[in-house]
Amino acid sequence: DIDRFKEINDSLGHMVGDQLLRAVADRLNEVVQGRGRIARFGGDEFVIICPDTDRVTAALIAQEIISYFAHGFDLGEHHLQATASIGYAVAPQDGRDMDELMQHADLALYEAKGKGRNRASSFNWSLKERFNRLHEIETGLRRALAGGELMLLFQPIVALENGHIDACEALLRWHHPVLGPIPPSEFIPIAESMGMIEAMTDWVLRQACIAAASWPGEVRVAINISPASLKSTELPANVIAALLETGLPARRLELEVTESIFLDDSGQTNMILRELQRIGLRLALDDFGTGYSSLSYLRSYRFDTLKVDQSFMAGISANPEDRAIVRAIGNLARDLKMDTVAEGIETPDQLQHAREAGFTNVQGYLCSRPVPTECIAEMIAA
């Protein structure tokens, strides 16, 4: 594949794109010569078939092609530094018929693109396993949302001042009927790429608000909002609908966002965050200290809570740098009148460090593992 060919076509026009395709074909002929046959497969994709070639030779040919591309292409008044991504598969070990070999070379091509383009990747069977798993997850996600396979667990966030449960974080879980438990870190990005994240977020919002409406007192429910969901103008309306349907006061709903939302901010994120604050719910900045690494947004947005990533708490007993960072965050949040949550508290020593740093709340296995809906109400009441 010619990397970013569509950008060249769109910016310089189809005439230049066609010239580049012809120039690439000529250059491939120079490299391959009598070692194989070349075909343009469609669009900007070329296929090279080399009989009696082993994996070492295939790798050498692929590297030669990449080296030839490095010289650039002179197309009239344009000099283009186009690059190529290459995937290759070798029969019989990578496939015994044409269709299988082509499919496996294609998987290797996507691997090359995924690693940053301008490189060659060989097929290996772990790519096939990964592809099959991805396909299972994609098809399973559509069924999971409609078929009741998703569930929420709740993990308490405990106030250090009195030991009471201030809030509970809603954690989405999925047990695939074939693959078993799939972590959110794996299925959430796939849901985003499939355009399913809005429907999933809407489901989580309603289920979490239904659960929280039955809890005693003023205990809040915290929900993670993906950066992709924050690009949807429907989010504030969906939040309002969930609150109205369940009768949960807005002050008892807290939305957790990560610093990554500020990396690709076109103004839409800003508008939606302001709208959510006008509704009256709380905003928490999750995994603080691991992402964007700029403090300027703390001036722009009135976050109610800073959640310190568990990676800082894990080594706090042995690492003076982690202790210094945690203390600094505690002081910063106190001066900005924000609550603080130390995540990943698993030992009494970590709990003591969080207390000494001036944190207001803690969350982690020392307090409680995530528990089902029916158990969390009993824990809050107790």
Side-chain angles (χ1 to χ4, degrees), residues 140-159 162-177 179-188 191 196-226 229 235 238-257 276 279-284 286 304-305 307 310 339 341 343-346 361-382:
L141 269 177
R142 299 189 189 281
R143 180 194 63 243
L145 194 57
E149 291 178 18
L150 300 177
M151 67 175 293
L152 287 184
L153 299 181
F154 296 90
Q155 187 171 36
I157 297 171
V158 176
N162 53 25
H164 293 170
I165 295 175
D166 265 1
C168 298
E169 182 178 357
L171 300 167
L172 186 59
R173 296 292 184 262
W174 179 29
H175 193 283
H176 190 283
L179 302 176
I182 300 175
S185 58
E186 185 176 8
F187 72 76
I188 292 294
M196 283 188 61
I197 196 65
E198 289 176 42
M200 198 172 283
T201 300
D202 197 31
W203 183 87
V204 170
L205 266 170
R206 280 170 166 73
Q207 296 304 311
C209 288
I210 288 169
S214 68
W215 297 343
E218 291 291 303
V219 175
R220 304 185 305 275
V221 64
I223 298 169
N224 290 284
I225 298 294
S226 125
S229 294
L235 182 62
N238 289 341
V239 168
I240 292 171
L243 294 174
L244 288 174
E245 286 175 23
T246 60
L248 187 74
R251 66 181 179 276
R252 290 184 57 198
L253 176 61
E254 186 164 87
L255 300 187
E256 296 185 0
V257 299
L276 292 171
I279 293 170
L281 43 80
R282 291 169 58 98
L283 287 181
D286 198 10
D304 300 281
T305 305
K307 298 189 76 175
Q310 59 185 353
D339 289 339
V341 178
E343 297 184 284
I345 299 297
E346 298 182 358
N361 299 78
V362 291
Q363 179 181 357
Y365 286 179
L366 185 66
C367 305
S368 172
R369 288 178 175 270
V371 298
T373 306
E374 53 273 17
C375 300
I376 197 68
E378 296 173 10
M379 289 179 66
I380 292 168

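Note: hydrogens, waters and symmetry copies are ignored here, and every other heavy atom, side chains too, is used. Numbers here are sequence positions counted from 1.
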Step by step, would you call W174 with M200 a side chain to side chain contact (heavy atoms under 4.5 Å, CB included)? CA-CA 12 Å; W174 179 29; M200 198 172 283; over 6 Å; no
Spatial distance of atom OG1 (T305) from atom CG (L255) [nearest 0.5 Å]: 11.0 Å
Could you give me the CA-CA distance, side-chain angles and deciding distance for D286 and E343, then say whether side chain to side chain contact (heavy atoms under 4.5 Å, CB included) is met? CA-CA 9 Å; D286 198 10; E343 297 184 284; 3.1 Å; yes
Value for CG (L171) from CG (L152), rounded to nearest 0.5 Å, stands at 8.0 Å
Provide the closest heavy-atom pair for G140 versus H176 in the form atom of the first, atom of the second, distance. CA-NE2, 4.3 Å
Checking the side chain of D304 only, and the main-chain atoms of A284 only, is there a donor and an acceptor separated by less than 3.5 Å? no
Step by step, would you call I165 with I157 a side chain to side chain contact (heavy atoms under 4.5 Å, CB included)? CA-CA 6 Å; I165 295 175; I157 297 171; over 6 Å; no
Could you grab the distance from atom CG of L179 to atom CZ of F187, nearest 0.5 Å is fine? 12.5 Å
Using a 4.5 Å cut-off on heavy atoms from C-beta on, say whether the side chain of R143 contacts that of P177. yes
Side chain to side chain contact (heavy atoms under 4.5 Å, CB included) partners for P183, two or more places apart: S185, E186
Tell me, yes or no, whether the heavy-atom count around R142 atom CZ, taken from other residues, nucleotides or ligands under 6.0 Å, exceeds 12. no
Give me the atom names and distance for the closest heavy-atom approach of R206 to N238. NH1-O, 4.1 Å
Side chains of R173 and P184, heavy atoms from C-beta outward: is any pair under 4.5 Å? yes
L253 to L281 - nearest heavy-atom pair and separation: O-CB, 3.2 Å
Side-chain polar contacts of residues 209-221 - donor-acceptor pairs under 3.5 angstrom, sequence neighbours left out - could you list them?
from : atom 1 : to   : atom 2 : distance (Å)
S214 : OG     : A211 : O      : 2.7
W215 : NE1    : A211 : O      : 3.2
E218 : OE1    : R251 : NE     : 2.9
E218 : OE1    : R251 : NH2    : 3.4

Should I279 and L243 count as side-chain neighbours, where that means a heavy-atom distance under 4.5 Å? yes
N/O donor-acceptor pairs under 3.5 Å from side chains in residues 363-372, not counting sequence neighbours:
from : atom 1 : to   : atom 2 : distance (Å)
Q363 : OE1    : K307 : NZ     : 2.9
Q363 : NE2    : Q155 : OE1    : 3.1
Q363 : NE2    : E169 : OE1    : 2.7

For a quick test of reading the model, state the closest non-hydrogen atom pair linking A208 to I223 and the distance between them. CB-CD1, 3.6 Å
Begin from the C-alpha positions of L145 and L141 and carry the test side chain to side chain contact (heavy atoms under 4.5 Å, CB included) through to its verdict. CA-CA 6 Å; L145 194 57; L141 269 177; over 6 Å; no
Reported CG-to-CG distance for the pair D202 and L235, which is rounded to 0.5 angstrom: 9.0 Å
Write down the atom of N224, the atom of A170, and the distance for their closest heavy-atom approach. ND2-O, 4.0 Å
Taking every non-hydrogen atom, the tightest pair across H164 and N162: N-OD1, 2.9 Å
Value rounded to 0.5 Å, distance of CD in E245 from CD1 in I240: 12.0 Å
